Amino acid sequence: MGHFPRLLGYLKPYKKRVMLAVTLLLCITFTPIVLPKLIAYTVDTALPRRDVHALTAVFLAIIGLYAFRGVVSFWLNFTIGWLGQRVVFDLRFQSYRHLNRLSLAYYDSRQTGKIMARLMGDIDFIQQMISGGFVTFLADMLSVAAILAVLFSMQWRLALVAVAGIPFYVINFKLFIRHIRPLSMELRERWDAMLGVLQEKLAGIAVVKAFAREEYEVERFVHTVRENFDIGMKQMRLNRKLGANAQIIRAAFTGIVLWYGGALILRRQMQIGDLLAFNALVNQLYDPAVRIVDFNVTVQWTIAAMDRVFETLDTLPEIVDDSGAIPVRQMNGRVEFEHVTFGYEKGQPVLHDINLKVEPGEVIAIVGPSGAGKTTLVNLIARFYEPAQGRILIDEYELKKVRLESIRRQISIVSQESLLFSVTLRENIRYGFHDASDLQVLQAAKHADMHDFIMSLPYGYDTKIGEEGIKLSVGQKQRMSIARAAITDPRILILDDATSALDSKTEANVQAALEYLMRGRTSFVIAHRLSTIMNADRIVVLDQGRIVEIGTHEELVAAPGVYQTLYNEQFRSAQEQQGIQALLA
Amino acid sequence: MRNFLRFLKEVRTYWRLLCIIACLTLVTSAASLPPPYLIKILTDSLLPSAIQQHKPTHLPQIFLAYVLLASLGALAGYWLTYSITLLGQRFKMDMRRKLYAHMQTLSLGFFEKSQTGKLMSNITNDVATLDQLISGGFVNVLQDSVTLIAVLFLLFHLDWKLALAALSVYPVYVLNYLVFIGRIKNTSADVREQREIIYGDLQEKLAGVQVVKSYARERSEVRAFSGETRSLLSLNVRANTLSTALWTLAEFIGAIGTAILLWYGGMQVMRGQETVGTLMAFYGYIGGYLYQPTLRMIQLNDQIARTNAALWRIFLTLDTQPTVSDTPQAKPLPTIQGNVSYNDVWFEYQQGQPVIKGVNLKVKAGEMIALVGPSGSGKTTMVNLLQRHYDVTEGSICIDGHDLRAITLSSLRRQVGVVIQETMLFNTTIRENLRYGRLDATDEEIEEAAAIANIAHVIQAMPRGYNTRLGEDGVKLSGGEKQRIAIARAVLANPRILILDEATSALDSETEALIQEALDRLMAGRTSFVIAHRLSTIVKADKIVVMERGMIRETGSHAELLTQGGIYAELYNQQFKAALEAQHEAAAVQAAEAG
């Protein structure tokens, strides 16, 4: 319940509109009571007296009443709708802005789908609660109170009899809904599970076919669908039973009211018009009563949704600029690690006591088995994470004490998985540098050996990629992300296995582009293929989070160690064959 | 329309249920009609004038009628809903099975052309749309038309002048609906579109958050998002305003109708031409039995349009013929040795663009073949043809002398194992994933296979061992680990012919070395086809096949090809040039030191 006042806080800027909505709501609740009373007046007074003026008055009253009701309810609904949408907008905007502030560590432990569900589904639910649930609850309470007051003032004994039906109605609902809701939930879960299986097996159809498992898969699918079928039928049966009981309860009590009311009329304690009005009013009590009783469930769901949304908003970004952080305008590109220790989870350090000094313009190759901490090391340079101990300096500034944005704009990363966005090729390249001219885009594409391919497309640089556009091969994607990095003219360049997906011919082309790109910039290169990194100024060998060797290729290969082993393994067969070749020659 | 007729044919299977539904509909409609008429009887008998004349009042009878009608309505309603749900669920189940089973028979080419999401929506959404028409639209229309006709008949029968007066606003009511609903639909479509734009954008930017952060583009992303959400806000407000206007006006028009009814009916009563009870019955019927059914019938139009689109997509899938299927006289392939021959094979994905051009290749049982060549040269197509994911355009492929087209697909694929570049594992336990290779494998066999693929120690180190779930809510495996599980899966299948398509590309050299020996063990005694970019992994092949633009350019062992000095030698030198040079230097340094 703690988040409820906080949600109300989102309504505060729109206090006037909220007040307006409440006032309009008060104006409108009494209108449904008037029509039955007017009919009672017609039947009991106007008609027996043959009073044409009274009849005309009733005619005008109905039109006037509904004209009034129309204007007020339109205004009310508009105001409420606007309020709901506005709060959604504010919440969503705030959440998204906050999500962009959160560090990578937040995303590592969460699935994109779940974050999206919060941003879209949960916030929508809150909106429904504001414009739907809340208002309906308020309106229901008011109209139930008003109707009860009118009923008891008209004929308190008949009112007692009529109201007696409502507890039965509510209890019937409560009894069944307790069993129906879990079924609905189960149905949804099963449905999701079915979608999951479908998605997986259709995306992985190559595996299904490779193992000739088509029949098995169809059988399993039918089984899942049948389970859904059974639960769906069960749920329907409960639903209908609830409905049937409700129908009978209402009819029975209408019958009783008419019977007892009729008896009262015969005793001249009531008039027929009043009985008709009475009957109409009682019928307006049942559904609001159920909604009021069920309101706490809606509240619970909303609170759950709010909890999730506010949890996101309350997560503190791990990496924020200090209040005194200064922007670094033009850096030279010196990087220094001083006793840096880092782990993604406490007590499990991935990097131990890293010391490394890199001069501007140096090319550093980082080598080591998978899990050695290579990617982590370069991620620390871009300050995606904060070292647990020690510090990182760029030029003479401590990374922690400068404006994050100013640093990242001067660092470019080309990573293993090339993530491109579903926009045009031009916009993708320009993502690195918003103000780049078309000529700069073209040059960047040329450096990445993409220009010729792009020009061969009918729409050239304006070709869209992704769902609606063309599909790029893994190699083309990688070259696109190289072009994107090239256009930023970074001082520090990080290549994280950037050429792993390219075949050797393309790699040779791209390699030239990369070498051009690295010229004059501090570069960190991670690669498995030793042939791509032998030109580095220095090679850093990482093993289990520690730097075990540093030196040039010649130095490292000459001394026994991790690098020599790695090198020999990869090239053993090459060496053997070289021997054969020498013999043949 | 043709689709529609075909759809009706599909529905015809359920004619028995449909008849029951029609009968029950009549019963429920009939049971819902009398209450306003009961009110008429009650009112007329309880008017002051009637009481003075001591007319009979029928109070207990009216009470009983209410209860009995409600019970009848509830009972019939229960069975009606039951039958409708049964019909809908049956239809959905049968349709989904049909679609999914059909998709499974389709060849790989079909799936490469269609997006998974679209196929899924075929099975889920499109089928649900059809069901909505059957169990929603049709049944409602039946019920509504019965009710409408009965009520109109009753009203005109009671007093046709009063009926005309009461119905005077009816056309305006419908018109109001028609005027607004078009705009509302357009706005809702805009809302949906805008939501999808935001959704897609969000999905991409959240999944690619690392890129956003690397380029320090957070602020501009937030700005863009704010713009898109603001458009959504105004669209939503517009949609809300339109529908509020529609229903507010509708209520007002209805109220005018009531006012006219009361006034004109009241005059009639005063003139003694009508009873108060009839007036009240009119009031009840007009308010509760006319407007909703009319609107629902108008809505059916839409539903049919939507269904048509869904029908078209469903039949499109069902009408797609598998390009590869068993011929009627196909025989199961007996246990094979593994001799493979490509005899003048031509193949094209699209007519006139051959991808494989006259390939001849003979492979003896147990041989290891390495396929080498630039990307796009047809290596993967070669092995896809061997698994018969596609049929050759010309020529033939034979295994042990059996033409692939003369044997059943499943018997072929059971004996051909594949480990592909993009490892596809399923979101279930590791054990289940491994067992996919052979459904009846025992736990011991599974563990043995894992050991062969050098993955057993990794699995055992996990807290739940072989019962660890992969994917979504389970552990995440590295690329190399996934690959090794895929290899273990192939080991279990124990195929006679093995295809490795870039199977070791995601492994670092240390892991690769580990796995290479596993693969060597696996390949021993089996015919194997290996595609790899790394030459070091394939120098051991018995035969290296160098492909270029769909043709075999060179065939021979590593040593033979190097001495030929052709494409292979060039590839080899390119990849290893630097290594070789460094090797030379190192040797020279060592020699100098020694000297």
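Predicted, not measured: the structure shown is a model, and the values here were computed from it. These numbers come from the heavy atoms of this one structure, side chains and all, not from hydrogens, waters or symmetry mates. Residue numbers begin at 1 in each chain, while the letters A, B, ... track the order of the sequences.
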inquiry  = Quick one about B:Q104 and B:Y100 (side-chain donor to acceptor, distance below 3.5 Å, no hydrogens or angles considered), yes or no?
reply    =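 On atom types as modelled, these side chains qualify, holding a pair under 3.5 Å.
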Report which part of [X] has an atom under 4.5 Å of a heavy atom belonging to chain A: side chain, backbone, both, or neither.
| X | value |
| --- | --- |
| B:L106 | backbone |
| B:H58 | neither |
| B:L262 | both |
| B:Y283 | side chain |
| B:L439 | both |

key: Engaged part of A:N245 at the chain B interface, taking heavy atoms whose separation is under 4.5 Å   =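 Neither part, no heavy atoms under 4.5 Å.
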Those residues that, when tested against B:R97, pass salt bridge (charged side-chain N to carboxylate O under 4.0 Å, His left out) (two or more places apart) =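 Partners of B:R97 under the salt bridge (charged side-chain N to carboxylate O under 4.0 Å, His left out) test: B:D94.
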key: Carboxylate-amine/guanidinium contact A:E405 B:R219, below 4.0 Å   =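 Salt bridge present between A:E405 and B:R219.
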ask   = More than 12 heavy atoms of other residues, nucleotides or ligands under 6.0 Å from CH2 of A:W82: is that the case?
value =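 More than 12 within 6.0 Å, yes.
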ask   = Is the cationic atom of A:R226 (NZ for Lys, CZ for Arg) positioned less than 6.0 Å from the six-membered ring centroid of A:F229 and within 45 degrees of its normal?
value =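 Ring-cation test returns yes.
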query = Out of A:F78, A:Y96, A:Y260, A:Y66, which one racks up the most heavy-atom pairs below 4.5 Å with chain B?
reply =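 So the answer, after comparing A:F78, A:Y96, A:Y260, A:Y66, is A:Y96.
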